[in-house]
Amino acid sequence: SIGFDIEIFGKNTLLVRGVPVIISRVNPEKLLLEIAEDLEEYSSIKSVKNLKEEVLKSIACHSAFRSGDNLTNDELVTLLRDFLACDLPYCPHGRPGIIRISFDEIDKKFKRT
């Protein structure tokens, strides 16, 4: 229901026929393995709604742009626009996506005080 088209293919194999467009730049095999590992941590979750939310957080985290990733200008503009449109500019784990630094703090860092 979140955009994956997956079939059971034998005893220990899944056949992935489709992935959500939003993660098209990510290796789907690696992402699904990471999500499967994360699911072990969620074994105590009883509600399907809460489990789905945790899986979506996991997908967001594992498919996010990382430091050192090469982005095109279009990707940078889209990322910034999407970020500024967020209600909560935090990662799924609560880390801030933006911080405020005063001019005084910047001056101190550059020893201009």
Side-chain angles (χ1 to χ4, degrees):
S1 70
I2 58 176
F4 288 94
D5 184 4
I6 301 173
E7 295 176 24
I8 296 174
F9 191 75
K11 186 176 178 180
N12 296 314
T13 306
L14 297 174
L15 179 60
V16 179
R17 294 190 182 274
V19 296
V21 172
I22 197 160
I23 64 156
S24 61
R25 64 175 208 81
V26 179
N27 177 331
E29 180 182 5
K30 182 179 178 197
L31 176 63
L32 287 170
L33 288 171
E34 289 170 344
I35 293 168
E37 289 175 11
D38 290 348
L39 283 174
E40 291 179 24
E41 296 174 25
Y42 308 140
S43 61
S44 63
I45 296 175
K46 303 295 183 222
S47 157
V48 172
K49 180 182 175 188
N50 290 345
L51 179 59
K52 184 176 180 180
E53 186 175 311
E54 291 303 319
V55 169
L56 289 171
K57 286 179 183 179
S58 182
I59 291 169
C61 185
H62 290 296
S63 61
F65 289 110
R66 306 267 189 227
S67 176
D69 285 353
N70 291 317
L71 282 73
T72 66
N73 284 339
D74 287 343
E75 288 172 325
L76 287 169
V77 169
T78 299
L79 182 62
L80 183 57
R81 281 189 184 143
D82 289 349
F83 177 77
L84 293 174
C86 287
D87 291 333
L88 297 170
Y90 297 92
C91 83
H93 300 103
R95 291 185 292 267
I98 193 167
I99 57 172
R100 182 179 301 266
I101 300 174
S102 70
F103 283 112
D104 289 340
E105 289 175 87
I106 293 171
D107 286 343
K108 287 178 188 174
K109 295 289 184 190
F110 287 97
K111 303 186 188 315
R112 301 248 182 220
T113 57

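Note that this is a predicted model, so its numbers are computed, not measured.
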Salt bridge (charged side-chain N to carboxylate O under 4.0 Å, His left out) filter on K52, not counting sequence neighbours, yields none
**Item:** I98 with L79, same ILVMFWY side-chain cluster at under 4.5 Å
**Value:** no
One should read off an interatomic distance between K109 NZ and D104 CG, to the nearest 0.5 angstrom, of 13.0 Å
* Could K57 and E53 be called an ion pair, given the rule that one side-chain N must be under 4.0 Å from one carboxylate O? -> yes
Distance col, row I35:CD1 vs F4:CZ, nearest 0.5 angstrom, shows 4.5 Å
Residues passing the side chain to side chain donor-acceptor pair (under 3.5 Å) test with E34, sequence neighbours excluded, are H62
**Asked** Does V16 reach the side chain of D5, with side-chain heavy atoms less than 4.5 Å apart?
**Response** no
Co-membership, hydrophobic cluster, residues I8 and V55, 4.5 Å side-chain
yes
Does N73, at its CG atom, have more than 12 non-hydrogen atoms belonging to other residues, nucleotides or ligands within less than 6.0 Å? no
Going by chain and number, the hydrophobic cluster around F9 (ILVMFWY, side chain to side chain under 4.5 Å) further includes L15
The remaining residues in the hydrophobic cluster of L33, counting side-chain heavy-atom contacts under 4.5 Å among Ile, Leu, Val, Met, Phe, Trp and Tyr, are none
Cluster overlap F83 with I59, hydrophobic side-chain contacts below 4.5 Å:
no
Residues passing the side chain to side chain donor-acceptor pair (under 3.5 Å) test with E105, sequence neighbours excluded, are S102
Contacts of P28 meeting side-chain contact (heavy atoms from CB on, under 4.5 Å) (sequence neighbours excluded), chain-then-number -> V19
Contacts satisfying salt bridge (charged side-chain N to carboxylate O under 4.0 Å, His left out) that involve residues 7-24 (not counting sequence neighbours) are E7-R17
Residues pairing under salt bridge (charged side-chain N to carboxylate O under 4.0 Å, His left out) where one sits in residues 67-82, two or more places apart or in two chains, turn out to be R25-D69
Taken in chain and number order and not counting sequence neighbours, the residues that satisfy side-chain contact (heavy atoms from CB on, under 4.5 Å) with R95 are C91, H93
Sequence neighbours excluded, the answer for side-chain contact (heavy atoms from CB on, under 4.5 Å) partners of I99 is P96, I101
Would you say CG of L80 has more than 12 non-hydrogen atoms from neighbouring residues, nucleotides or ligands within 6.0 angstrom? yes
